[in-house]
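Working notes, beginning with the structure itself.
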Amino acid sequence: MAWFFTPVISGDKFEITGEDARHISKSLRMKIGEALTLCTTDGKRHECEIESFTVDSVIVNVLSSTVCEQEPSVKITLFMALTKGDKMDDIVQKSVELGVYEIVPVLTSRCISRPDEKQMKKKVARWQKIADNAASQSRRGIIPNVRDMLTLKEASALCKNFDKAIVFYECGGEKLRDIINENAKTIAMFVGSEGGFEESEIELLKENSVIPTTLGARILRAQTAPIAGITAIMYQTKNLE
């Protein structure tokens, strides 16, 4: 079933406009009477049926509304150090599919990619578009937000707002199962770029209550580590059952 997002729905009819309307009519070539799902920012999913088309909109009948059960019980914010090339595209896409709540690009000492402000705005806009599409494809209840880039110092200062904060460190750390359990509701997860973290950066994170942890004996690529980390956290919090 087609899956779309909208800020709010009121009443038993709704008009879909813009890019979603064009996608429904032109790309998907949906017909009157076909079903689709709309998710709203209040955490609800609305089962709808297409009633009619106009030149630039789609009119649907709202048949039922329920609480969206697609979202995991834990909100993971991925603080991801900038990677080379288009690796971040895949990281954003797969992280959203797996259930990440928010993605924050972070500039660290060993980042090879160091875009200026104008370049960064374009990158964030592209990543947000990728997140939008991945959320629809995987039938998420929300569209995860891709935030503006932060320095590691700025990012570490936010960790006091989370139940748990961890950093996956190639030099080892505590076992994830000893840190995360199903009671954790908000988790900050730091992942390094291709060169990992400098020791001084790990010390900075530790000063802000971020716990170094490990994903096992093997060294994972920068684009693999966040996917493995999110999956492991989802397992530990019983969101893969």
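All figures in this text were calculated on a predicted structure; none of them were measured in a lab.
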Between CE on residue Met88 and CD on residue Gln223, distance to nearest 0.5 Å: 11.5 Å
From CZ (Phe197) to CG (Leu205), nearest 0.5 Å: 6.0 Å
Looking at CZ of Arg126 and CG of Asp86, how far apart are the two atoms once the value is rounded to the nearest 0.5 Å? 7.5 Å
Strictly by modelled atom types, are Asn133 and Gln137 linked by a side-chain donor-acceptor pair under 3.5 Å? no
Is a donor from one side chain sitting under 3.5 angstrom from an acceptor on the other, for Thr214 and Glu174? no
Regarding Asn239 and Ser73, do their side chains bring together a donor and an acceptor under 3.5 Å, going by distance alone? yes
Ion pair present between Lys87 and Glu194, side-chain N to carboxylate O less than 4.0 angstrom? yes
Taking side chain as C-beta onward, heavy atoms only, is Thr224 less than 4.5 Å from Leu215? no
Can Glu19 and Arg22 be counted as an ion pair, charged N to O under 4.0 angstrom? no
Could you measure the distance from the CD atom of Glu47 to the CG atom of Asn61? Nearest 0.5 Å is fine. 13.5 Å
When you group the ILVMFWY residues by side-chain heavy-atom contacts below 4.5 Å and let the links chain together, are Met189 and Trp127 in the same group? yes
Of all the heavy-atom pairs spanning Glu15 and Ser57, show the shortest one and how long it is. OE2-OG, 2.9 Å
Is Leu28 close to Leu36 at the side-chain level, that is, under 4.5 Å between some pair of heavy atoms? no
Parallel, tilted or perpendicular: which describes the rings of Phe190 and Phe79, with under 30° parallel and over 60° perpendicular? parallel
With distance as the sole test, does Thr41 use its side chain to make a donor-acceptor pair with the main-chain N or O of Pro7 at under 3.5 Å? yes
Between CD1 of Ile91 and CD1 of Ile230, what distance do you get to the nearest 0.5 Å? 9.5 Å
Is the CZ atom of Arg29 crowded by more than 12 outside heavy atoms at less than 6.0 Å? no
Hey, is Glu71 close enough to Arg140 for a salt bridge, meaning N to O under 4.0 Å? yes
Minimum side-chain heavy-atom gap Cys68-Lys44 below 4.5 Å: no
Give me the one residue out of Pro226, Ser95, Pro105 that meets side-chain contact (heavy atoms from CB on, under 4.5 Å) with Met80. Pro226
Please check if atom CZ in Phe5 has more than 12 non-hydrogen atoms from other residues, nucleotides or ligands closer than 6.0 Å. yes
Side chain to side chain, Thr6 and Val8, heavy atoms closer than 4.5 Å: no
Report yes if some heavy atom in the side chain of Val106 is under 4.5 Å from a heavy atom in the side chain of Thr151; otherwise report no. no
Other residues, nucleotides and ligands only: do more than 12 of their heavy atoms fall within 6.0 Å of CZ on Arg177? no
Reported CD1-to-CG distance for the pair Ile187 and Asp163, which is rounded to 0.5 angstrom: 7.5 Å
Which atom names give the shortest non-hydrogen contact between Leu107 and Cys111, and what distance separates them? CD1-CB, 4.0 Å
Could you check if a side-chain atom of Leu82 sits within less than 4.5 angstrom of a side-chain atom of Pro115, using non-hydrogen atoms only? yes
Within a strict 4.5 Å, meaning less than it, do heavy atoms of the Ser193 and Thr108 side chains meet? yes
Going through the distances and angles, do Asn161 and Thr186 end up as a side chain to side chain contact (heavy atoms under 4.5 Å, CB included)? CA-CA 8 Å; Asn161 301 322; Thr186 58; over 6 Å; no
Under 3.5 Å side-chain donor-acceptor pair for His46 and Thr37: no
Give a yes or no on whether the backbone of Thr77 and the side-chain of Glu102 come within a donor-acceptor separation of less than 3.5 Å. no
Looking at Lys13 and Glu51, is there a salt bridge between them, counting it only when a charged N and a carboxylate O are closer than 4.0 Å? yes
For a side chain to side chain contact (heavy atoms under 4.5 Å, CB included) check, start with the C-alpha distance between Ile202 and Val210, then their side-chain angles and the critical distance, and finish with the verdict. CA-CA 9 Å; Ile202 294 297; Val210 182; over 6 Å; no
